[in-house]
Amino acid sequence: MFQHIVDGTTQGAIYALIALGYTLVYGILGMINFAHGEVYMIGAYIGIISLAVFTATGMTLISLPLCVFVAFLAALFFCAAYGYTIEKTAYRPLRQAHILAPLISAIGMSTFLQNYVMLAHGKDKFDFPGIFRAAFINNTVQISGARVNYLEIFIIAASLVTMLCLHLMIRYTRIGKAMRATAQDKKMAGLVGININRVIPFTFIVGSALAAIAGVMVSMYVGATKFDDGYMAGMKAFTAAVLGGIGNITGTMLGGFILGLAESMGIWLISSDYKDAYSFILLLIVLIVRPRGLLGEQVSDRA
Amino acid sequence: MLERTKKSFLTALWILIITFPLMGLKTVFTGEQAEVGIRADAFYLAGVVFLCGMMWSMKGLIGRGIAFAVPPAKSCTGAIKTSVMKVPVWCWQVGILAMLCAFPFMGSEAELNKYFSFLIETLIYVSLALGLNIMVGMVGLLVLGYAAFFGIGAYTYAILSLNFHVPFWPSLFIGGAIAGVIGILLGIPSIRLRGDYLAIVTLGFGEIVRFVLKNEAAVTGGEQGLPNQHIPGAIAAPSLGFMVLDREIHYYYIAIVIMVLVVFVVHRLNNSRTGRAWIAIREDETAAMSMGINTFRMKILAFAISAFIAGFVGVFYAARMNFVNPEAFRFEYSVLILSMVILGGMGSVPGVILGAVILQVIPWLMRDMMPNLLREYFPSAANVAGTLTDFRLLIFGGIMVIMMIFRPQGIIGNARRKIELGVEEERD
């Protein structure tokens, strides 16, 4: 029982991190960023590549955790760059267009990025170097009869810290205030002197950085990544965002954890055949009862 | 000029930086050791980006040159456009239909066989895109799980034919009806959701259908699909009593008939009371409701008809492939069909048809047509042909982005919308 809760929370933390990227963009632009799952996958690749570079240059001899930390930073930096570039090329020209136009552009971008990684690194699994995992995986603690390894603790803790940082940033900093204003009303925010063309790319950068962290953590947890990993993870994360109320940051975090827990409970109680379906069934039930998600506001139909 | 060179250079440098880890490095892990090598790919890419940037900055010059050489270039395209518009619509319809019907007589069957599968697939996609267009284009409901209805139709026929030996023709309607009923059942709870919430619910529905097909192996054959062993003709081919229609050419004509039927139905709906009610809902639901339109019933009707078309086409697909498995109804296909609708121009029948044809032709050209031509006429360029095949989805994704940037309203925008609203309404 407790084992399943731990698994579910770990998975949920990761869903929540990716889902935040969807929710941030949705809150501001009102569009589904279909390419977000691909950014997450690219984050995983870049994490592994940077660890390879560290191994080859002998930096592992200094300190393993430091290498992992720098790999996280590298993934974060590059994914932020990807997020910025995607916004600039695929979405900015379409900001005035019909609401579905950026959706198609995002789908195109997602196909493009997936194939770009596939062409660069092949169709096979891309393994996470074992030496970096061993220290995390092999150390476990016993909590109420469940074996929890350090990696799970690390993932849960790191995501909570990241989410706290995000929350503080949105709540208390200048740019966070600008983001909230832009989400409420783009035109009005522009009129009071907020540069929307800085706020929107910044949102993409933040969302992509969160996805990068999630990507490296998952590849560490699972032990490998693959060029089409972004698809399922992206879809689940998007489900989590909608479940909690898309556009609402607290709701999205909650949705991620609920989804992760529901999935592992479903596997435990029912069967693992329908592993990927539980989240969607839960979503259908929640949306029928609360059409705007758990914490979504009940706004009028036409905003 | 210097300014532009600098800009292209900076863009290329940026591309080099962000692609460097993925394309510029080659990493191999052997146990605890790793080897890292440099690859030239990222540098090539940056070079290409630089050249493209330079060409883009020259386009002003080149354009002026062309304008100088051929002064009335613009009015010329305008003239072509108006003369195209002058041809009555029925001429286009009859002409295209005649060409499609005449195609099999242009060569021997063995020669043309390689084109049939492509053409049949295109016709199937055109029908599906038109079906989805009812929900997305006419009523404005974003539906992301359309392939599920298609799959329900296909599986219905596979099960009916394998277990109960139901013939093809009634199955067309049974499959359509079952998909339609499931569409209604999905529609009733989810219809009051708006926009993206509906999108995600239908996406979830599509995935659930696929998981059911995958896991309920007793009925659906699980991941292997139906029939479990490949037996030619296990799923009965359509028959006319005196002959069995199981050759590609037969399926080709059936596909044409199905497409014409769908076009006819959609076209009639478009100009009917129902169609106008749908468009009213799309433009402003509250206003439509206050004008006395039963929006709930109209939306459910759209769900039902749209799902029926998908199921109908699905039955044909199962008969032709003689095999169904869950992988054929993945989310990707829903997305592909949706892209056809939006790319072509939502709500416009010719637009949607064109969108479907374009999104079918591009991958086909890159996968089959161009590599084969290259191999035939330039044997030395055989590896270029292989590269083209590998890159086809990459190029496909890129083209989708570029097309959207240049024509966000779709290739053929909705004519009625333009007339009625005068200008594109502003959204933000």
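Both backbone and side-chain heavy atoms feed into the values below; hydrogens, waters and symmetry mates do not. Protein chains get the first letters and strands the later ones, always in sequence-line order, with residue 1 at the start of each.
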The interface call for A:I281 against chain B, heavy-atom contacts under 4.5 Å, is both
At a heavy-atom separation under 4.5 Å, does A:Y26 approach chain B through its side chain, its backbone, both, or neither? side chain
Ranked by heavy-atom pairs below 4.5 Å to chain A, first place among B:V36, B:L25, B:L343 goes to B:V36
What heavy-atom pair brings B:I405 and A:P93 nearest, and what distance separates the two atoms? CG2-CB, 3.9 Å
Choice from B:V401, B:I15, B:N215 maximising heavy atom contacts with chain A below 4.5 Å: B:N215
Chain B contact via A:Y231 - side chain, backbone, both or neither, heavy atoms under 4.5 Å: side chain
Does any backbone or side-chain atom of A:Y84 lie under 4.5 Å from a heavy atom of chain B? Answer side chain, backbone, both or neither. side chain
Is B:I399 close to chain A through its backbone or its side chain, or both, or neither, when contacts mean heavy atoms under 4.5 Å? neither
Contact origin within B:T19 toward chain A - heavy atom pairs under 4.5 Å: both
Report yes or no: does A:Y82 contribute a side-chain atom to a donor-acceptor pair with the main-chain N or O of B:I18 at less than 3.5 Å? yes
CA sep, side-chain torsions, deciding dist, call: A:Y116, B:L22, side chain to side chain contact (heavy atoms under 4.5 Å, CB included): CA-CA 9 Å; A:Y116 151 70; B:L22 283 167; 3.6 Å; yes
Counting only heavy atoms closer than 4.5 Å, note whether B:V212 contacts chain A via side chain, backbone, both or neither. both
Considering only heavy atoms and a distance below 4.5 Å, find which of A:T239, A:T55, A:I42 pairs most often with chain B. A:T55
Quick one: of A:Q114, A:M109, A:M235, who has the most non-hydrogen atom pairs under 4.5 Å with chain B? A:M235
Do you know the tightest heavy-atom contact between A:L103 and B:L338? CD2-CD2, 4.1 Å
With a 4.5 angstrom heavy-atom cut-off, is it the side chain or the backbone of A:I32 that approaches chain B, or both, or neither? side chain
Indicate yes or no: at least one non-hydrogen side-chain atom of B:V335 is less than 4.5 angstrom from one of A:T111. no
Which atoms of A:I104 are under 4.5 Å from chain B, going by heavy atoms: the side chain, the backbone, both sets, or neither? both
Which region of A:T57, side chain (C-beta onward) or backbone (N, CA, C, O), has a non-hydrogen atom less than 4.5 Å from a non-hydrogen atom of chain B, or is it both or neither? neither
Residue among B:F391, B:F331, B:F205 with most heavy-atom pairs under 4.5 Å to chain A: B:F331
Closest heavy-atom pair and its distance - A:A277, B:F211: CB-CD1, 3.5 Å
Note: B:M23 and A:A120 closest approach over all heavy atoms is CG-CB, 3.9 Å
Does B:E223 have more than 12 heavy atoms from other residues, nucleotides or ligands lying within 6.0 Å of its CD? no
So which heavy atom on A:F112 is nearest to which on B:G398, and how close? CD1-N, 3.9 Å
Hey, is CZ on B:F296 packed in by over 12 heavy atoms from elsewhere, all under 6.0 Å? yes
A:F126, part contacting chain B, at a heavy-atom distance under 4.5 Å: side chain
For A:I107 and B:S339, the nearest pair of non-hydrogen atoms, with its separation, is CG2-OG, 4.4 Å
Any idea which of A:T89, A:L94, A:L113, A:L119 has the most non-hydrogen atom pairs under 4.5 angstrom with chain B? A:L119
If one checks every heavy atom of B:L144 against chain A at 4.5 Å, the contacting part turns out to be side chain
